[in-house]
K.L.:
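Take this structure first; my questions come after.
In what follows, every chain begins at residue 1, and chains take the letters A, B, ... in the order their sequences are listed.
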Number of protein chains: 2
Amino acid sequence: MEPSGGAKRATLAQVAERAGVSVMTASYTYNRPNRVSEQARSRVLAAAAELGYAGPDPSARSLRRGSNRTLGVVMGEHLTYAFEDPEAVSFMAGIAGVCSEHGYGMTLVPVTGAADDVTRITDAAVDGFIVWTTSDDDPVLAAVRSTRRPAVVHGGPAVEGMELVTIDNRAAARAVGAAAWAGAERPAVVCFPLDRDRRTMVTKGGALPGAAFPVTRERLEGYRQAAEAAGIAWQDVTVAVCARNGADEAERITAALLASAEPPDAIAAMSDRQASGVVRAVRAAGRSIPGDVAVTGWDDAAAAARLGLTTIAQSLRDQGASCARIALGGPSTRTPAWSLVHRTSTRP
Amino acid sequence: MEPSGGAKRATLAQVAERAGVSVMTASYTYNRPNRVSEQARSRVLAAAAELGYAGPDPSARSLRRGSNRTLGVVMGEHLTYAFEDPEAVSFMAGIAGVCSEHGYGMTLVPVTGAADDVTRITDAAVDGFIVWTTSDDDPVLAAVRSTRRPAVVHGGPAVEGMELVTIDNRAAARAVGAAAWAGAERPAVVCFPLDRDRRTMVTKGGALPGAAFPVTRERLEGYRQAAEAAGIAWQDVTVAVCARNGADEAERITAALLASAEPPDAIAAMSDRQASGVVRAVRAAGRSIPGDVAVTGWDDAAAAARLGLTTIAQSLRDQGASCARIALGGPSTRTPAWSLVHRTSTRP
DNA sequence: CTGTTAGCGCCTTCAC
DNA sequence: GTGAAGGCGCTAACAG
């Protein structure tokens with residue numbers, strides 16, 4: 001199961017010998033071609049071709065130069081998640097664009113939630129890390145920090161010694177919450193998981209345990225403030241905590257809420273994916289939007305426009321690009337812009 | 001703009017000195033903990049903690065071991081494309097899953113279509129490559145081959161010395177083509193680009209230049225065979241070549257076809273994304289599906305089910321996983337399964 | 001323009 | 001259970 005490494009690779013020294021030049025001339029041929037005579041250069045390249053030498057070994061070069069020309073991206077729990085969530089994909093596309101511009105590669109560091117995550121991070125041959133939003137207590141953060149390489153966290157938590165790129169989730173939640181709760185009497189939040197245990201629960205705002213994910217925590221706080229501004233006590237707001245960010249789970253949990261004794265008449269979701277599920281459940285229950293139930297999303301994904309969702313617009317792509325630029329030591333925004341997009345899923 | 005590398009990292013030798021042991025004892029502490037006395041071990045770890053040593057340097061280790069524990073993925077032209085096409089994303093998710101299982105990282109190699117692509121590939125510190133389908137003449141192939149590392153091409157072309165994982169595109173195109181052309185008199189193909197120039201054109205099958213992308217070529221050949229089996233001469237089949245795989249371009253080009261003197265009554269697209277655009281254009285023109293125009297897609301994406309598209313089902317995710325397993329030296333399928341899914345967009 | 005020297009940080013080998 | 005030597009393949013720094 002181990003990679004064979006293919007046929008044995010020739011070394012620069014062998015190429016130099018065959019070409020009848022010193023190792024340095026061979027090295028220069030690859031690194032400073034114009035510092036080498038045309039003649040020497042072609043002899044080196046000829047020797048390389050004969051030996052099937054494909055150029056300097058990248059690891060040796062990295063060791064010598066002290067840089068890998070690669071950024072590491074840590075996406076949390078399951079690497080495949082990175083590809084399943086369209087917003088995560090946008091984020092990665094933003095990173096990819098900047099890496100590409102700078103001739104950098106992008107290594108996805110596999111993290112599973114298991115104990116060896118730390119090893120996988122300290123073992124990654126990268127020049128800097130970008131960490132997708134995670135919980136306050138995620139050991140991955142300490143591992144990344146311990147490498148002493150430039151590191152940028154997206155979303156949160158804020159970690160001393162690491163950069164943070166995030167919108168003001170609390171303010172954005174206040175804004176979209178105000179739209180959601182307008183004219184509502186029985187509001188509900190369809191919520192991201194609170195911590196890495198990802199326990200599902202339905203409770204009231206007052207009874208909610210603290211959230212270990214800062215993004216979740218900040219948004220809840222914003223919804224709470226919006227509720228109180230609308231004259232609704234937080235302890236009267238239903239909070240339905242999902243295990244994951246996805247439409248299906250949001251749909252099921254919404255269906256349950258609507259079938260309960262106190263069906264909500266306004267539902268704020270934490271993503272447009274969740275909101276899509278909410279919309280399906282509301283329609284399936286024969287209720288109208290926003291007449292019977294107001295619905296809000298988050299992200300302004302394509303689905304949001306299609307469904308007429310009031311939502312928070314932000315560019316995960318730009319945020320990914322910012323993270324990458326910062327990791328590469330350049331300047332960029334730490335507090336990206338967001339805006340409230342009013343559509344037809346909320347009461348005017 | 002260069003990464004700072006953060007604070008200077010301590011070396012194993014420094015840790016050993018501080019712990020009052022030899023370098024080897026320190027090394028064993030990280031690599032063979034049980035070959036070291038409890039006492040020595042804890043002194044080494046204490047020294048490491050004091051110095052902020054995060055473990056052996058990955059590049060040095062790679063150099064010494066001759067392996068990077070990382071697979072390289074080459075996605076062609078624009079790295080961001082990898083994240084824009086849902087099928088490509090599935091494919092990457094499949095790779096990610098296998099890498100994750102094996103504790104391997106996954107490096108996305110930035111390739112732009114420019115001359116330095118070759119450099120970027122030979123510079124990548126990876127143990128093997130997976131190359132997303134490309135054209136026969138793509139220099140990336142020779143570059144990957146020259147590294148003499150295990151390499152797997154997905155889709156094509158077949159390259160001596162590299163593995164190939166692909167469905168039988170010709171047979172699949174024959175199958176879906178048969179469904180598309182049933183009862184048709186003016187068939188058309190909405191086609192992927194023929195070569196890396198990505199020139200747009202509308203022509204007849206007989207006048208079509210050869211395609212440099214094997215996947216495109218094979219599918220065209222399958223459609224041709226299906227046409228002839230249905231008693232339609234290839235030179236009578238319209239082929240609309242798009243610059244990229246996307247719904248919008250397919251929609252525009254279909255609108256033009258429908259407005260022409262000989263509007264097609266059957267359109268076979270090369271992806272469900274393209275087919276979505278085709279469906280939009282057909283509806284916008286006030287034609288019915290399949291009554292006025294039969295439509296087929298490819299991939300059996302979510303959109304295909306939603307639109308009732310007859311299409312070819314295949315799992316890009318499984319194919320990504322296969323590629324990764326093969327690159328890691330394990331066994332896996334080279335010829336994945338596909339199947340024809342009959343829905344309502346074609347004539348019975 | 002070309003060559004020599006001296007490591008980059010680590011781990012395999014072999015001795016004790 | 002521990003350590004000394006040597007080298008993985010390459011290139012910065014400095015001659016010439």
K.L.:
Would you please name every residue forming a salt bridge (charged side-chain N to carboxylate O under 4.0 Å, His left out) with A/Asp195, sequence neighbours left out?
P.N.:
none
K.L.:
Roughly how many Å is it from CZ in B/Arg9 to C1' in C/dC10, rounded to a whole number?
P.N.:
12 Å
K.L.:
Main chain of B/Tyr30, side chain of B/Arg32: is a donor-acceptor contact present, judged purely on distance under 3.5 Å?
P.N.:
no
K.L.:
Would you work out how much the helix from C/dC1-D/dG16 to C/dC16-D/dG1 bends between its ends, with each end axis defined by five base pairs, to 10 degrees?
P.N.:
30°
K.L.:
Could you note down all residue pairs passing salt bridge (Lys or Arg N to Asp or Glu O under 4.0 Å) where residues 21-30 of chain B supplies at least one of them, sequence neighbours left out?
P.N.:
none
K.L.:
Hey, where on DNA chain D does chain B first and last touch, going 5' to 3'? Cut-off is any atom under 4.0 Å from a heavy atom.
P.N.:
D/dG1 to D/dG9
K.L.:
My understanding is that only residues two or more places apart in sequence, or in another chain, count here; which of them pass ring-ring contact (aromatic ring centres under 6.0 Å, His included) with B/Tyr28?
P.N.:
none
K.L.:
When the distance from CG of A/Asn68 to P of C/dG9 is rounded to whole Å, what number comes out?
P.N.:
13 Å
K.L.:
Nearest whole angstrom, please: distance from the P of C/dA6 to the CG of A/Leu63.
P.N.:
18 Å
K.L.:
Please identify each residue that fulfils side-chain contact (heavy atoms from CB on, under 4.5 Å) with B/Glu160, with sequence neighbours left out.
P.N.:
B/Arg145
K.L.:
Where along nucleotides 11-16 of chain C does protein come under 4.0 Å, by heavy atom, of base (B) or sugar-phosphate alone (S), with - for untouched nucleotides?
P.N.:
BBB---
K.L.:
Among residues at least two apart in sequence or on other chains, which ones pass salt bridge (charged side-chain N to carboxylate O under 4.0 Å, His left out) with B/Glu87?
P.N.:
none
K.L.:
Holding to side chain to side chain donor-acceptor pair (under 3.5 Å), I want the full list of residues that pass it with B/Arg35, two or more places apart in sequence or in another chain.
P.N.:
none
K.L.:
Going by salt bridge (Lys or Arg N to Asp or Glu O under 4.0 Å), name the pairs with one or both residues in residues 94-116 of chain A, residues two or more places apart or in two chains.
P.N.:
A/Asp116-A/Arg120
K.L.:
Listing request: all ring pair (Phe, Tyr, Trp, His ring centres under 6.0 Å) pairs with a residue in residues 113-138 of chain B, at least two apart in sequence or in separate chains.
P.N.:
B/Phe91-B/Trp132, B/Trp132-B/His154
K.L.:
Show the atom names and distances, to 0.1 Å, of all donor-acceptor pairs under 3.5 Å that link a side chain in residues 45-52 of chain A to residues at least two apart or in another chain.
P.N.:
residue: A/Glu50; atom: OE1; partner: A/Arg18; partner atom: NE; Å: 2.5
residue: A/Glu50; atom: OE1; partner: A/Arg18; partner atom: NH2; Å: 2.8

